[in-house]
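Below is one structure, written out as structure tokens; comments come after it.
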Amino acid sequence: MKKHLLALAIATTFAAGAHAQANDTLAKVKASGSITMGVRDSSGALSYTLGDGKYAGFHVELCQRIVANVEKAVGRKLDLKYQSVTSQNRIPLTQNGTVDIECGSTTNNATRQKDVAFAVTTFVEEVRMAVKANSGLTSIAQLNGKNVATTTGTTSVQTLRKNERATGVNFNEIYGKDHADSFLLLESGRADAFVMDGSILAGNIANAKNPADFRIAGEVLSVEPIAIMMRKDDPAFKKLADDTLKDLMKSGEIAKIYDKWFMQPIPPKNAKVGLAASESVKGAWAAPNDKPMEEYAKK
């Protein structure tokens, strides 16, 4: 019996140690010599692929700044790896340690905070809809009987259905596997509207074959804080990420980085998104916080 209890105690100790290691990102990356950044293929100017395993964007650059400070903290150069994630798998891949820091377009909300942690808000999103420029669609009410595209694993269609202006509006939901796929549904005519974060809509329109064929229309459906995501219960790593971002906010450097990705021509097509920082975005930089979407809704 004592042997069984001893074995159980040893197993429990090892399990606790493994859990601690999983939630100690600084120790994990120091030991392995590498850090993995979760990135998106088509999240507008926040995070997108350049092809050949290369990624760029506002949140990608902010995460690169964080990684530079991680290297200082652990005292060694790290091999930076990029892992493409989707709306469906970004949270589990962060939880299980496949991804150390997720640098895409993830809304910080109360439900997700039960599973993961978020750095201070770096972008505040307005959810709207993209339509064909010649469609005549200008409001939610006109979506009755229409096909509405969104991306699997996102909150946009739920947000649309909850909007009071959508009362009595019956539309057909069709899903893209990622944002590029969802935009293709609109571009090909299989969808009449694509409901998503405004920056993602703007980014996909800017990179379309004929950007003038599309426009962002309709009411603002919700205002959502977008933040860099990491594992829960890792205060040292969160503090390092938060401190890096707060320093960029305090110095004004974050505004320059934003301008680079949203107001200037960006690779690979040298297209310009043309989305100026909103008052909500500037407010998040002026008073750094990691409040969930529900707190924003109370304003």
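Each residue takes its place number in the sequence, starting with 1. Because the structure is a prediction, the values reported are computed rather than measured.
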Side-chain donor or acceptor of Asn210 paired with backbone N/O of Asp213 under 3.5 Å: no
Charged N-O contact under 4.0 Å between Lys246 and Asp242: no
Can you give me the closest heavy-atom contact between Gly218 and Met129, atom names plus distance? CA-CE, 4.2 Å
Heavy-atom distance under 4.5 Å between the side chains of Phe118 and Thr106, does that happen here? yes
Work out which heavy atom in Val223 is nearest to a heavy atom in Met293; give both atom names and the distance. O-CG, 4.1 Å
Derivation of the salt bridge (charged side-chain N to carboxylate O under 4.0 Å, His left out) call for Asp243 and Lys239: CA-CA 6 Å; Asp243 286 349; Lys239 184 178 186 305; 2.6 Å; yes
Regarding Lys209 and Glu187, does a basic nitrogen lie under 4.0 Å from an acidic carboxylate oxygen? no
How close do Pro292 and Pro225 get, heavy atom to heavy atom, and via which atoms? C-CG, 4.0 Å
Would Tyr55 and Val99 show up in the same hydrophobic cluster when neighbours are defined by side-chain heavy atoms closer than 4.5 Å? no
Lys132 NZ: over 12 foreign heavy atoms closer than 6.0 Å: yes
So does Arg128 pair up with Asp197, basic N to acidic O under 4.0 Å? no
Do you know which two heavy atoms are closest between Ala206 and Ala271, and how far apart they sit? O-CB, 3.5 Å
